[in-house]
Amino acid sequence: MARTAIISDIHSNLHALSAVMEDAWAMKCTDVVCLGDIVGYNAYPRECLDYIRELNCPVVKGNHDEEVVSPSLIRMNPVARQAMDWTREQLDEDRLNWLGRLQYRRFVKPDYGMSYSIVHASLDQPKAWNYIFNDRDSSTHFKQQTTQLCFHGHSHSPRIFYHGGGFIGENTDLLSELEAEGYAEFQPHPELKYLINVGSVGQPRDADPRACYVIYDTELSLIIFKRVSYNIEEAQHAVRAAGLPDYLAERLARGC
């Protein structure tokens with residue numbers, strides 16, 4: 001069995017990351033891929049960053065990973081900015097340098113199956129941090145996608161867009177199943193390209209507070225979406241104990 005856990009948007013939530021990885025190992029995953037935004041918002045930036053580094057897995061840079069290294073004055077609300085300033089104070093030069101060296105997009109070649117693309121936001125403008133919410137948003141991305149599969153994050157909501165024969169669509173049935181069952185799987189059609197948002201580990205925003213990630217079984221060409229419960233109350237307590245805005249703790253329970 002050749003299974004890879006694909007995770008994104010951890011956002012310093014160690015409780016969620018620990019629960020997801022425990023689930024991934026139980027699901028017989030042998031590899032991990034991280035789609036960025038390891039830090040930001042929550043209380044454990046060092047611990048989450050060190051965990052990912054120790055995995056020595058493929059990682060791409062997210063906008064929060066970039067912001068903590070190269071502060072800007074744009075595209076970040078005051079609450080996120082406050083959390084980012086706090087996060088920056090928690091990271092030493094070695095950790096910041098590691099984040100700074102991350103690439104914006106990569107190809108991953110598994111032991112079984114075809115190579116696939118990974119990016120935090122989109123392949124067409126990976127440094128612009130554009131969100132893909134609908135078919136139109138995904139159209140410029142697909143012009144740059146040369147692999148059948150591309151995995152991304154950024155919006156904190158699981159979604160599946162597909163492209164083929166001049167048509168772009170979205171698989172909403174599978175995500176309805178994920179909402180109802182906490183588990184959903186599908187096999188990509190060989191004649192279509194797919195852009196797969198794996199959801200967020202540390203700060204879901206689709207009204208489901210459970211962590212979300214994807215398992216890619218490269219041997220069976222099977223995509224599995226999973227929801228994982230974790231101790232939200234302890235994560236909230238850690239946010240408040242760190243002196244971070246209470247809103248960041250409160251939103252974890254609402255999944256928004």
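On a predicted model such as this, the values are computed, not experimentally measured, just so you know.
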Donor-acceptor under 3.5 Å (Ser221 side chain, Asp217 main chain): no
Donor-acceptor check, side chain of Arg105 to backbone of Val119, threshold 3.5 angstrom: yes or no? no
Q.
Run Leu14 and Asn42 through side chain to side chain contact (heavy atoms under 4.5 Å, CB included) and show every step you take.
A. CA-CA 9 Å; Leu14 184 63; Asn42 292 295; over 6 Å; no
Scanning both residues in full, the closest heavy-atom pair of Arg106 with Pro58 reads NH1-CA, 3.5 Å
Residues Thr147 and Ser117: side-chain donor-acceptor under 3.5 angstrom = yes
Practice prompt. Would you confirm whether Ser157, through its side chain, and Gly199, through its main-chain N or O, come within 3.5 Å as a donor-acceptor pair?
Written response: no
* Verify whether one side chain among Ser155 and Asn197 offers a donor that lies under 3.5 Å from an acceptor in the other. => yes
Are any side-chain N or O atoms of Thr218 and backbone N or O atoms of Tyr112, one a donor and one an acceptor, separated by less than 3.5 Å?
-> yes
Q | Heavy-atom side-chain proximity of Asp173 to Asn171 below 4.5 angstrom | A | yes
* So, does Ser12 use its side chain to make a donor-acceptor pair with the main chain of Gly40 at under 3.5 Å? -> yes
Closest heavy-atom pair, Val239 versus Pro245, reported as atoms and distance to 0.1 Å, is CG1-O, 4.0 Å
| message | Tell me whether the NZ or CZ atom of Lys226 lies within the 45° cone about the ring axis of Tyr183 and under 6.0 Å from its centre. | response | no
Residues joined to Leu192 in its hydrophobic cluster, side chain to side chain under 4.5 Å directly or through other members, sorted by chain and number, are Ile6, Val33, Leu35, Val60, Val108, Tyr116, Ile118, Leu149, Phe151, Ile160, Tyr162, Phe167, Leu174, Leu175, Leu178, Phe186, Tyr194, Ile196, Val198, Val214, Tyr216, Ile223, Phe225
TODO: Run the salt-bridge test on Asp31 and Arg3 with the 4.0 Å N-O cut-off and return the result as yes or no.
DONE: no
**Study point:** His156 and His11 side chains, donor-acceptor separation under 3.5 Å
**Key:** yes
Evaluate whether atom CZ of Phe107 has more than 12 neighbouring non-hydrogen atoms of other residues, nucleotides or ligands under 6.0 angstrom away. no
Exercise. Taking atom CD of Glu179 as the centre, report whether more than 12 heavy atoms of other residues, nucleotides or ligands fall under 6.0 Å from it.
Key: no
Exercise. Hey, is the main chain of Ile38 close enough, under 3.5 Å, to the side chain of Asp65 for a donor-acceptor pair?
Worked result: yes
Review point. Do the side chains of Leu123 and Cys150 get nearer than 4.5 Å, heavy atoms only?
Key: yes
Q) Is there a donor-acceptor contact under 3.5 Å linking the side chains of Asp23 and Tyr213? A) yes
- Message: Evaluate Thr4 against Thr30 for side chain to side chain contact (heavy atoms under 4.5 Å, CB included), listing each step before the verdict.
- Response: CA-CA 6 Å; Thr4 298; Thr30 56; 5.8 Å; no
- request: Check whether any side-chain heavy atom of Met21 sits under 4.5 Å from a side-chain heavy atom of Trp25, and report yes or no.
  value: yes
Check: Does Arg53 pair with Asp94 as a salt bridge, N-O distance under 4.0 Å?
Finding: yes
For Tyr230 and Pro209, the nearest pair of non-hydrogen atoms, with its separation, is CE2-O, 3.7 Å
Discussion item. We want to know whether Tyr41 and Asn13 form a side-chain donor-acceptor pair, criterion being a heavy-atom distance below 3.5 angstrom.
Written reply: no
Do the two ring centres, one from His141 and one from Phe161, sit under 6.0 Å apart?
-> no
Check: Given side chains that start at C-beta, do those of Asp85 and Gln82 come closer than 4.5 Å, heavy atoms only?
Finding: no
Given side chains that start at C-beta, do those of Arg210 and Val228 come closer than 4.5 Å, heavy atoms only? no
Take atom NZ in Lys143; do more than 12 heavy atoms of anything else shown fall under 6.0 Å from it? no
For this session: Using distance alone, with no hydrogens and no angle criterion, decide if Gln203 and Arg205 have a side-chain donor and acceptor under 3.5 Å apart.
Result: yes
His154 and Asn130 have their tightest heavy-atom pair at CD2-O, 3.5 Å
- prompt: How about Arg95 and Asp92: do any of their side-chain heavy atoms sit closer than 4.5 Å?
  reply: yes
Heavy atoms of Arg159 and Ile132 approach each other most closely as CD-O, 4.4 Å
Item to complete: Give a yes or no answer on whether the side chain of Lys193 reaches the backbone of Gln145 with a donor-acceptor pair at less than 3.5 Å.
Response: yes
Examine the side chains of His237 and Glu233 and answer whether a donor and an acceptor come within less than 3.5 Å of each other. no
Polar contact flag, side-chain donor to acceptor under 3.5 angstrom, Thr140-Asp124: yes
*Side-chain heavy atoms of Ile10 within contact of Leu49, under 4.5 Å*: no
Say whether, by atom type as modelled, one donor and one acceptor occur between the side chain of Gln148 and the main chain of His189 under 3.5 angstrom.
yes
Notebook entry, point to check: Under 3.5 Å, is there a donor-acceptor pair linking the side chains of His120 and Asp37?
Noted result: yes
Review point. Between Asn97 and Glu93, is there a donor-acceptor pair closer than 3.5 Å when you use the side chain of the first and the backbone of the second?
Key: yes
Do any N or O atoms from the side chain of Ser139 and from the backbone of Arg136 form a donor-acceptor pair under 3.5 angstrom? yes
Q.
Can you tell whether the side chains of Glu67 and Arg81 come within less than 4.0 Å, N to carboxylate O?
A. yes
Give a yes or no on whether Glu191 atom CD has more than 12 heavy-atom contacts from other residues, nucleotides or ligands under 6.0 Å away.
no
For Cys256 and Arg251 the tightest heavy-atom approach is O-NE, 2.6 Å
Verdict with reasoning, Trp98 to Asp50, per side chain to side chain contact (heavy atoms under 4.5 Å, CB included)
CA-CA 10 Å; Trp98 187 87; Asp50 290 349; over 6 Å; no
- Item | ILVMFWY cluster, Met84 and Trp129 together (side-chain gap under 4.5 Å) | no
Measuring only between side-chain heavy atoms, which start at C-beta, is Pro204 closer than 4.5 Å to Cys212?
no
